Amino acid sequence: GENVEQHPSTLSVQEGDSAVIKCTYSDSASNYFPWYKQELGKRPQLIIDIRSNVGEKKDQRIAVTLNKTAKHFSLHITETQPEDSAVYFCAASEGKLIFGQGTELSVKP
Amino acid sequence: ETGVTQTPRHLVMGMTNKKSLKCEQHLGHNAMYWYKQSAKKPLELMFVYSLEERVENNSVPSRFSPECPNSSHLFLHLHTLQPEDSALYLCASSQDHGGQGAANTGELFFGEGSRLTVL
């Protein structure tokens, strides 16, 4: 079955800096890669997703890149703000979503 | 907010108690899910229901018993739990469930979760 590894587990950046979170997956049949953001005490919410026929997708300050050959994908957040502080989860799916372990991002003002 | 609602938000129970978690979705979705979220661990899929039929049971102990009476409601019945079962239990829904081998059909909408503590 699918296995998703996510790094780093914690990430601290200064406001305005960029943040990058990386995930690898094991099942080459996976074709859907969403990212969820979970603020403290809140529910996880989808922030961006990418399908396997696309190499990059951008939505304002967030972008996701996918390298199918290497089986890894990354979340990029530019111009970070304190409200970006949260736990971010990547996931991979070829039918069933398998989540990574999560990255706790802290943006210091 | 009327998307996916879970009750209770917090539950403390002894190992011999029987309790239930409830989830309701107002999105017209066909698939509903139970996930377990423990500290420092990935979200663990427990059960999947598609059109009220259970389509996945990820080797969950029998002390957890799901019930899906209709496409809008999902329950998780709890009986004789262990302290290691203490966690946040998240319900989610999606428009459809693709199933293994099929293209995933998209976004999961999560509830706020039920924080369970087993003493």
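Lettering of chains follows the sequences in order, A, B, ..., and the numbering in each one begins at 1. Just so we're clear, the structure is a prediction, and the values are computed from it rather than from any experiment.
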Query - Atom pair NZ (Lys42(A)) and CD (Glu112(B)), whose distance is rounded to the nearest 0.5 Å - result: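 Going from NZ on Lys42(A) over to CD on Glu112(B), the span is 7.0 Å.
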
Report task. Hey, could you give me the OH/CG distance between Tyr35(B) and Leu97(A), rounded to the nearest 0.5 Å? Result ->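 If we round to the nearest 0.5 Å, Tyr35(B):OH and Leu97(A):CG are 5.0 Å apart.
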
[X] to [Y] - nearest heavy-atom pair and separation:
X	Y	answer
Val4(B)	Arg43(A)	O-NH1, 3.4 Å
Phe99(A)	Leu108(B)	CZ-CD1, 4.3 Å
Gly100(A)	Pro42(B)	O-CB, 3.3 Å

Report task. Check each atom of Gln6(A) against the heavy atoms of chain B and say whether the ones under 4.5 Å are side chain, backbone, both or neither. Result ->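 Neither part.
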
Query raised in the report: So which part of Pro44(A) gets closer than 4.5 Å to some heavy atom of chain B, the side chain, the backbone, both or neither?
Result: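 Its backbone and side chain both get close to chain B.
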
Count the heavy atoms of every other residue, nucleotide or ligand shown that sit under 6.0 Å from [atom1] of [X], and state whether that count exceeds 12.
X	atom1	value
Glu104(A)	CD	no
Leu119(B)	CG	yes
Glu84(B)	CD	yes

Flag yes if [X] and [Y] sit in one hydrophobic cluster, no otherwise; membership is Ile, Leu, Val, Met, Phe, Trp, Tyr, and two members link when side-chain heavy atoms are under 4.5 Å apart.
X	Y	value
Leu46(A)	Leu90(B)	yes
Phe89(A)	Val4(A)	no
Met46(B)	Leu74(B)	yes
Val54(A)	Ile47(A)	yes
Val87(A)	Val107(A)	no

Residue [X] versus chain A: region with a heavy atom under 4.5 Å:
X	answer
Leu88(B)	side chain
Gln37(B)	side chain
Phe109(B)	neither
Leu45(B)	side chain

Between side-chain atoms of residues 11-23 of chain B and protein atoms elsewhere (two or more places apart, or another chain), which donor-acceptor pairs fall under 3.5 Å?
residue, atom, partner, partner atom, Å
Asn17(B), OD1, Gly14(B), N, 2.8
Ser20(B), OG, His77(B), ND1, 2.6

Report task. Please list, in residue-number order, every residue in residues 10-20 of chain A that has a heavy atom less than 4.5 Å from any heavy atom of chain B; write 'none' if there are none. Result ->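 Listed by number, there are no contacting residues, so the answer is none.
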
